[in-house]
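Given the structure is predicted, the values throughout are model-derived calculations rather than measurements. Quick note on labels: first sequence line is chain A, next is B, and so on, each numbered from 1.
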Amino acid sequence: MASDTVVVGRAGSDRLALLTIDRDAPSVEIPVERLADAIADREARGEVRWVWADTASIYPGVLKAGVRVARAWDLRLVHGILRDAEGVVDDHGLRSHREWDAGSAAPATGDTLFDLGDASTGLPDSLDAAVAEYRRQLAAIASSSTPGALRLLCAAESAGALVAAELHAAGVPWSRTAHEEMLERQLGTRRGGGLPARIEQTAAAVREALDDPTASLDSQPRLLRSLHRAGLQVTSTSRWELAEHDHPVVAPLIAYKKLMRLYTANGWAWMQEWVHDDRFRPVYVPAGVVTGRWASSGGGALQIPRSLRTAVRADPGWTLVTADVAQLEPRVLAAMARDTALAEAASGRDLYAGIVERGAVGSRAEAKLAMLGAMYGATTGESGRLLPRLRRTFPRAMQLVDDAARTGENGGVVHTWLGRTSPAAGDAWQQLQSLASDATASGADETRARRSARDRGRFTRNFVVQGTAAEWALAWLADLRARLAAFPPVDAARAASASGPMFARSPHLAFFLHDEIVVHTPLEHADAVAAAVRESAASAGRLLFGTFPIDFPLDLRIGETAEKG
DNA sequence: GGCGGTTGCGCG
DNA sequence: AAAGCGCGCAACCGCC
């Protein structure tokens with residue numbers, strides 16, 4: 001049961017090469033279509049870490065064959081981390097190998113078979129190239145100032161890439177019926193050609209209030225002119241500004257915008273394009289955000305309105321375990337800063353209530369506003385006004401974010417708890433700053449430079465918190481994924497077949513959004529899954545922050561729909 | 001008719 | 001019109 005590392009590369013147009021690098025053995029060549037079998041064989045014999053160029057290109061085909069891997073190392077994603085990592089002093093040549101900077105070869109649908117990178121992405125695909133890059137990465141980590149943390153980050157990032165592919169393969173169980181009922185209830189009946197009934201009615205009410213039967217409601221410039229003609233002196237057509245005016249057009253116009261948003265973003269056309277076989281299969285993009293958060297492409301997976309969660313429905317005989325972390329970012333901040341006062345305020349309850357109890361501010365709403373302001377860099381308004389009180393009560397936490405902001409304003413880089421480093425200031429930014437410090441600089445130059453410095457400070461301020469929260473979430477996902485894999489499969493007769501061959505008979509992750517997960521599980525496993533979700537959250541906290549007393553309480557529900565109860 | 005910029009709004 | 005971070009997407013607009 002010794003642990004092995006197997007590097008996968010290409011050995012020709014239709015052959016792959018597998019090399020077990022910890023052993024003195026030659027590489028093995030197999031036809032591309034044998035990869036899933038080879039992986040299944042090797043996984044059955046003991047613990048193994050698969051090293052490959054790009055999980056998003058290779059793993060979907062493996063899953064489609066009903067095979068899963070326990071551990072992987074994604075050379076593309078790890079390269080991105082180490083290339084920028086401040087703690088990597090001697091990079092062992094890694095940074096000069098720019099060919100690993102190429103984007104993923106994964107198509108939006110993710111259903112190519114075993115495509116190990118190709119000419120269109122520029123990612124290297126030979127076994128030799130993969131082995132060489134893997135060795136550079138290990139050496140770079142080993143010689144860094146924080147090898148343990150970086151190794152953890154790279155492993156978590158790679159595990160996340162596995163989860164992303166698995167989430168797409170399994171999909172979110174989706175009820176077209178529930179979705180359609182919701183659309184009809186909100187938008188009215190669909191009519192051939194034109195807009196749904198309630199949208200038409202609301203549009204008519206807007207035109208009536210404007211006393212303009214032909215007013216265009218979908219073109220911002222034209223709508224703005226119509227509003228001006230009707231005596232409403234707004235500078236934009238946004239809901240926030242409209243809501244501040246008392247005029248008969250305001251209510252119907254806001255209603256119209258809301259309905260149109262639902263219709264265009266998540267209406268019947270969206271369902272037609274993105275929901276197939278009772279599953280919504282978004283494409284997740286690990287590390288798609290500079291902070292390390294995931295992005296998504298296609299389907300707007302990370303922007304599904306909460307009102308649509310009612311369409312997320314378990315298969316018959318199955319249920320959903322939905323969990324989100326309460327106030328993840330301020331908790332992460334407390335642990336990073338070793339701010340025991342903030343950690344105590346967060347302990348075992350609503351963190352904002354804890355802040356009120358400590359007397360920093362008067363109400364929960366104020367506590368939330370102040371804390372968000374501290375992490376986002378508010379300077380004005382209510383939020384900015386409350387900040388000094390937070391600074392007095394939680395000086396260590398506030399100093400951490402203030403330091404990050406100052407570093408960014410001065411052109412420096414910051415890093416997350418595990419060592420993901422923010423991008424360096426660009427040439428344009430540097431030029432703007434040096435221009436402003438020149439003797440001949442105008443007042444306008446100085447203002448612009450100062451503003452862009454502040455902008456950058458707010459970015460680095462938030463980077464450390466958002467990025468570390470993303471690391472905690474990766475650890476949570478990776479740990480939970482392993483726990484779910486240990487559940488016994490249910491009878492084939494009870495299979496959720498639309499979840500694909502790999503997940504049809506076992507509890508599986510179905511959705512992930514920054515600090516929230518949904519697990520689709522056979523009914524009889526629901527309680528055990530809920531326990532696993534809680535245990536993995538606690539485990540993630542220990543993995544990142546050791547014995548520092550910070551907890552990560554979950555808001556957890558078990559039920560057939562993922563709607564917040 | 002394709003393409004990038006702008007506006008507005010959904011999510012955390 | 002957000003104030004104060006990070007995203008993706010639809011629709012429109014002006015331009016080539």
Side-chain angles (χ1 to χ4, degrees), chain A residues 108 195 216-224 232-245 250 253-254 256-267 269-270 273-274 282-309 324-330 332-333 368-387 390 401 404-405 408 414 416 420 422-423 451 454-470 472-473 511-517 555 564:
Chain A
L195 294 168
S216 162
L217 308 187
D218 301 318
S219 160
Q220 195 265 3
R222 288 200 255 177
L223 175 59
L224 197 57
L232 199 59
Q233 295 307 315
V234 285
T235 61
S236 80
T237 64
S238 78
R239 187 190 307 163
W240 291 111
E241 189 176 357
L242 288 170
E244 295 194 343
H245 289 81
V250 169
L253 182 51
I254 289 176
Y256 173 83
K257 283 164 156 270
K258 205 162 189 70
L259 296 177
M260 270 307 265
R261 166 77 194 189
L262 176 60
Y263 177 66
T264 57
N266 298 106
W270 179 90
E273 186 176 356
W274 290 102
V283 176
Y284 296 89
V285 184
V289 180
V290 279
T291 58
R293 267 191 178 179
W294 290 9
S296 69
S297 80
L302 275 49
Q303 300 121 258
I304 296 294
R306 298 214 68 108
S307 65
L308 227 74
R309 302 287 177 91
D324 63 80
V325 195
Q327 307 106 24
L328 175 57
E329 293 190 352
V332 153
L333 172 58
K368 182 171 182 177
L369 203 62
M371 188 51 80
L372 290 177
M375 294 186 302
Y376 293 165
T379 53
T380 61
E382 174 88 350
S383 183
R385 193 174 59 71
L386 291 165
L387 273 182
L390 221 52
V401 284
V414 296
T416 60
R420 193 188 305 268
S422 66
R451 197 181 46 188
R454 290 270 158 78
D455 287 349
R456 189 157 192 282
R458 283 194 303 277
F459 167 63
T460 51
R461 168 190 293 271
N462 187 246
F463 183 96
V464 294
V465 179
Q466 188 185 118
T468 302
W472 183 92
F511 188 65
F512 167 64
L513 181 55
H514 307 317
D515 61 358
E516 172 184 0
I517 52 105
D555 181 5
K564 202 152 188 168

Any non-hydrogen side-chain atom of [X] less than 4.5 Å from a side-chain atom of [Y]?
X: Val401(A); Y: Tyr376(A); answer: no
X: Ser296(A); Y: Gln303(A); answer: yes
X: Ile517(A); Y: Phe511(A); answer: no

| task | Produce a footprint string for nucleotides 7-16 of chain C: one letter per nucleotide, 5' end first; B if the base is under 4.0 Å from any protein heavy atom, S if only the sugar-phosphate is, - if neither. | result | SBSSSSS---
| Could one point to a donor on the side chain of Glu382(A) or the base of dA3(C) with an acceptor on the other under 3.5 Å away? |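 When only heavy-atom distances are counted, Glu382(A) does not reach the base of dA3(C) through any donor-acceptor pair under 3.5 Å.
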| said: Check this for me: does any side-chain nitrogen of one of Lys368(A) and Glu329(A) sit under 4.0 Å from a carboxylate oxygen of the other? | reply: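 No, this pair does not count.
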| Between Arg309(A) and Glu516(A), does at least one N-O distance fall below 4.0 Å, as a salt bridge requires? |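 Judged by the 4.0 Å cut-off on N to carboxylate O distance, Arg309(A) and Glu516(A) do form a salt bridge.
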| task | Map Asn462(A) and Thr235(A) onto DNA chain C by nearest heavy atom, then report which one ends up closer to the 5' terminus. | result |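 Result: Thr235(A).
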| field | Step-by-step side chain to side chain contact (heavy atoms under 4.5 Å, CB included) determination, Tyr284(A) to Leu302(A) | value | CA-CA 9 Å; Tyr284(A) 296 89; Leu302(A) 275 49; 4.2 Å; yes
Determine the contact category for [X]: base if any of its heavy atoms lies under 4.0 Å from a base atom, sugar-phosphate if only primed atoms, P, OP1 or OP2 are that close, otherwise nothing.
X: Arg239(A); value: sugar-phosphate
X: Glu329(A); value: nothing
X: Leu369(A); value: base
X: Thr380(A); value: sugar-phosphate
X: Ile304(A); value: sugar-phosphate
X: Gly373(A); value: nothing

How long is the line joining [atom1] of [X] and [atom2] of [N], in whole Å?
X: Leu333(A); N: dC5(C); atom1: CG; atom2: C1'; answer: 14 Å
X: Leu386(A); N: dG4(C); atom1: CG; atom2: P; answer: 14 Å
X: Arg456(A); N: dG6(C); atom1: CZ; atom2: C1'; answer: 16 Å

| Spacing of the C1' atoms in dA1(C) and dT6(B) (rounded, Å) |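 Roughly 16 Å separates the two C1' atoms.
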| message | Please give the distance between the C1' atoms of dG4(C) and dG12(B) as a whole number of Å. | response |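 About 15 Å, rounded to a whole number of Å.
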| Candidate pair Thr416(A) and Thr291(A), rule side chain to side chain contact (heavy atoms under 4.5 Å, CB included), full reasoning | CA-CA 8 Å; Thr416(A) 60; Thr291(A) 58; over 6 Å; no
| query | Going 5' to 3' on DNA chain B, which nucleotide is the first and which the last to come under 4.0 Å of a heavy atom in chain A? | reply |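 Boundary nucleotides touching chain A, in 5' to 3' order, are dT7(B) to dG12(B).
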| request: For the pair Arg420(A) and Thr468(A), evaluate side chain to side chain contact (heavy atoms under 4.5 Å, CB included) and give the outcome as yes or no after the intermediate values. | output: CA-CA 9 Å; Arg420(A) 193 188 305 268; Thr468(A) 302; over 6 Å; no
| message | For Tyr256(A), give me all partners under ring pair (Phe, Tyr, Trp, His ring centres under 6.0 Å), at least two apart in sequence or on another chain. | response |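 Once residues adjacent in sequence are excluded, Tyr256(A) has no partner under the ring pair (Phe, Tyr, Trp, His ring centres under 6.0 Å) criterion.
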| Any Thr379(A) side-chain N or O less than 4.0 Å from OP1/OP2 of dG4(C) |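 True: Thr379(A) side-chain N/O within range (under 4.0 Å) of dG4(C) OP1/OP2.
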| Distance in Å, Thr237(A) OG1 paired with Leu232(A) CG, rounded so as to fall on 0.5 Å steps |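 Atom-to-atom, Thr237(A):OG1 and Leu232(A):CG are 11.0 Å apart.
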| field | G-U wobble or Watson-Crick pairing nucleotide for dT6(B) (cut-off 3.5 Å, both distances) | value |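 Its partner is dA11(C) (Watson-Crick or G-U wobble, both distances under 3.5 Å).
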